Amino acid sequence: MDLNELMIERRKKLENLKEAGIEPYSNDFIRTHSIAEVLGNFEELEAEEKEVKIAGRVMALRDHGKSSFADLVDLSEKIQLYAKKNEVGEKAYDLFTDLNIGDHIGVEGTLFETGRGEITLRIKEFKLLTKSLRPLPEKWHGLKDVELRYRQRYVDLIVNPDVKQTFILRSRIIHGMRQYLEQKDFLEVQTPLMHPIAGGAAANPFITHHNALDIDLYLRIAPELYLKRLLVGGFEKVFEIGKNMRNEGLSRRHNPEFTTLELYQAYADYEDIMNTTEELIKTVAKNVLDDLEIKYNDHEINLNNWTRMTMIEAVKEHVGVDFNNVSNLDEAKSLADEKHLDYESKTSIGEIINEFFEEFVEEKLIQPTFITQYPVEVSPLAKRNPDNPAFTDRFELFIAGDEIANAFSELNDPIDQKERFEQQVEQREAGDDEAHMMDQDFIRALEYGMPPAGGLGIGVDRLVMLLTSSESIREVILFPHLRSENQ
RNA sequence: GGGCCAUUAGCUCAGCUGGUAGAGCACCUGACUUUUAAUCAGGGUGUCGGAGGUUCGACUCCUCCAUGGCUCACCA
């Protein structure tokens, strides 16, 4: 890689330091305080003239001749440093003024307040901990180029404090989910990422190869079928937080690898799960934001108000088309024609209702809304509604027009499940490469008897987007997928 | 994959109807012992994303390519 003048300059300094016998990457400095601790205990530390040792990255230098100021930043906070030539000695002072923005140093000294009231550390001694060889982006405007921000997230994190905050919140959101579920006696498990059969969702898998076994494997598109096997095995409440990989297009809402929470609870149904979902999200939001009213894009979203309606009700309300009165496919098709809805590959009323919903309704669901009773044709793993077997006891949660969660009473009838797999296989053979594959072992597991259960999947990235007001999934994934850089 | 837009110094950005580039920050040198977007004096560090083409002459116009953004398609 080419070196520009700024990098050459810094490498020269590095050589000079080495020649002077100074280790530019020493690792024997032990801090006594974080910067936040120093600031928080300022009065006491100042009164005692206590010598504190802190470490961090130099983010600004203001040289005044025989004295100098610098800003030092660690994860916790920022503090101003003050070095006087006659106090630290000429040699050390020259070293100090020769630092670059971006260097890591450890400093020891006492605290005082400047005339303008800024808490400042008066340096007694300091030590270079890491020489930085590349210039950082501009202090005032930061790093804006989104491509650079994603490719060099480390730089983004150094100079854009909001970005760091987003990922701290992400961690707290996931921690909050885990805490909530553990409190409810859910067991956290890890199931395979490499599947001989890709199942649990309608999606294109990535394919990889195991050399020793000489078999192709699929990177998982969902953990669902493994988690349900655990219900067969006798675990009653299980969950997994982890990555799924889907070989699909990228967008504001889609990254090829993304994180989900999936949970399964024996002897519960989708209504129990609906309550759990609502409580889980409220609890997490409250813990993380301390507020259930959030701003997302141009929307004011109130997490206190949750609506529930069936898909047919939602279509009726938002499109004015009532599928309660539709009894055959031709009627459904003519309704679709009226609304200029494309149903080319759709062969059932259920699929057409779902098209209506996805095309006209989803984007209008701004406040938290559970949509229930999904057509059986688009729900191959969900249990039928006992009163209306054309629909399933399933819900999806929409907030700000985005699907946040998907859940249902789990299909545990092995014969029904086998038939639905067979239908999926037919669709697959007809060219739908996202239809389910047959999973014989899963059927075998169901034949041993899976207790009735409710299951839930939450798109963790999308929830994090919502709770951090991030408009792109790439803002909540540390290293989002990009094309390879031409090196 | 389609459409639209963008790509100029390490970063943030100017650059007119075509006359081969500028500012601020950063960096270097000097001055300055409480500054804080420090200030003052001096220094421009560049394959104008890449490759062709038009032209006397291209950052500027055209074509192709690369990367990114938005959007459509795709996507429980």
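This structure is a prediction, so every number in the text was calculated from the model and none was measured. Order of the sequence lines fixes the chain letters, A, B, ..., with proteins taken first and strands second; residue numbering starts at 1 for each chain.
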*side-chain contact (heavy atoms from CB on, under 4.5 Å) between A:M465 and A:R252: does it pass, once the steps are laid out?*
CA-CA 11 Å; A:M465 283 168 70; A:R252 195 178 71 73; 4.0 Å; yes
*Begin from the C-alpha positions of A:V376 and A:F391 and carry the test side-chain contact (heavy atoms from CB on, under 4.5 Å) through to its verdict.*
CA-CA 5 Å; A:V376 68; A:F391 293 87; over 6 Å; no
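Proximity of A:R62 to the phosphate of B:U39: no side-chain N or O atom is located under 4.0 Å from OP1 or OP2. Checking the phosphate oxygens (OP1, OP2) of B:G68, a side-chain nitrogen or oxygen of A:R483 falls inside 4.0 Å. Under 4.0 angstrom from either OP1 or OP2 of B:C28 there lies at least one side-chain N or O belonging to A:N100. Within the structure, a side-chain polar atom (N or O) of A:K139 is placed less than 4.0 Å from OP1 or OP2 of B:A38. At B:C11, none of the side-chain N or O atoms of A:K144 fall inside 4.0 Å of OP1 or OP2 (strictly under the cut-off). In this model, the phosphate group of B:G68 is approached by a side-chain N or O of A:R151 to a distance below 4.0 Å at OP1 or OP2. Contact annotation: A:K13 reaches the phosphate of B:C28 (side-chain N/O to OP1 or OP2, under 4.0 Å).
Using C1' as the reference atom, B:C64 and B:G19 are 27 Å apart when rounded to the nearest Å. Annotation: B:C11 and B:G1 have their C1' atoms spaced 34 Å apart (nearest Å). When the P atom is compared between B:U60 and B:G52, the two are found 14 Å apart, to the nearest whole Å. Taking the P atoms as reference points, B:C65 lies 40 Å from B:G24, given to the whole Å. B:G42 and B:G15 have their C1' atoms separated by 25 Å, given to the nearest Å. Here, B:U8 and B:U47 have their P atoms 12 Å apart, quoted to the whole Å. Nucleotides B:U55 and B:C61 place their C1' atoms 10 Å apart, quoted to the nearest Å. The separation of B:C5 from B:G10, taken at their C1' atoms, amounts to 26 Å, rounded to a whole angstrom.
With a cut-off of 3.5 Å on both pairing distances, the Watson-Crick or G-U wobble partner of B:A66 is B:U7. Nucleotide B:U39 forms a Watson-Crick or G-U wobble pair with B:A31, both donor-acceptor distances falling under 3.5 Å. Pair check for B:G1 finds B:C72; Watson-Crick or G-U wobble, both atom distances under 3.5 Å. The base-pairing partner of B:A26, taking Watson-Crick or G-U wobble contacts with both distances under 3.5 Å, is B:U45. Across all strands shown, B:U17 remains unpaired; no Watson-Crick or G-U wobble contact has both distances below 3.5 Å. In this structure B:A58 sits in no base pair that meets the Watson-Crick or G-U test at under 3.5 Å.
No donor-acceptor contact under 3.5 angstrom links the side chains of A:E118 and A:Y82, judged on distance only. For the residue pair A:S379/A:R394, the side-chain donor-acceptor check at 3.5 Å is satisfied. A:S348 and A:E351 share a donor-acceptor pair across their side chains, judged by distance under 3.5 Å alone. Between the side chains of A:H254 and A:S251, at least one donor-acceptor pair of N or O atoms lies under 3.5 Å.
When rounded to the nearest whole Å, the span between CG of A:L99 and P of B:C28 equals 10 Å. Spacing between atom NZ of A:K66 and atom P of B:C32 amounts to 4 Å, rounded to whole angstrom units. Rounded to whole Å, atom P of B:U34 lies 12 Å from atom CD of A:Q80. B:C28 atom C1' lies 17 Å from atom CZ of A:R11, rounded to whole Å. To the nearest angstrom, C1' of B:U36 lies 12 Å from CD1 of A:I101. Taking atom CZ of A:R149 as the reference point, atom C1' of B:A6 lies 17 Å away to the nearest angstrom. The interatomic distance linking A:F69 (CZ) with B:C32 (P) rounds to 16 Å, in whole Å. Following rounding to the nearest Å, A:I473 (CD1) and B:C70 (C1') show an atom-to-atom distance of 17 Å.
Sequence order on RNA chain B of the closest nucleotides to A:E434 and A:H481 puts A:H481 first from the 5' end. Comparing A:L143 and A:K84 by the nucleotide of RNA chain B whose heavy atom lies nearest to each, the residue mapping closer to the 5' end is A:L143.
Between B:A26, B:U35, B:C11, one nucleotide has an atom nearer to the side chain of A:L148 than all others, and that is B:C11. Counting only heavy atoms from C-beta on, A:E147 has its side chain closest to B:G68 among B:U45, B:U12, B:G68. Nearest nucleotide to the A:T114 side chain, out of B:C32, B:C11, B:U34: B:U34. Out of B:U33, B:C27, B:G24, the shortest distance to the side chain of A:E9 is found at B:C27.
Residues A:Y218 and A:H195 place their aromatic rings such that the two centres sit no closer than 6.0 Å.
Residue contacts for A:Y374: at a heavy-atom cut-off of 4.0 Å it reaches no nucleic acid atom on any strand shown. The residue A:R246 sits apart from the nucleic acid: no heavy atom pair falls under 4.0 Å.
Donor-acceptor pairing under 3.5 Å, judged by distance alone, is present between the side chain of A:N86 and the base of B:U33. No donor-acceptor contact under 3.5 Å links the side chain of A:H141 to the base of B:C11. Under 3.5 Å, the side chain of A:E118 and the base of B:U36 form at least one donor-acceptor pair of N or O atoms.
A heavy-atom distance below 4.5 Å is found between the side chains of A:M59 and A:L136.
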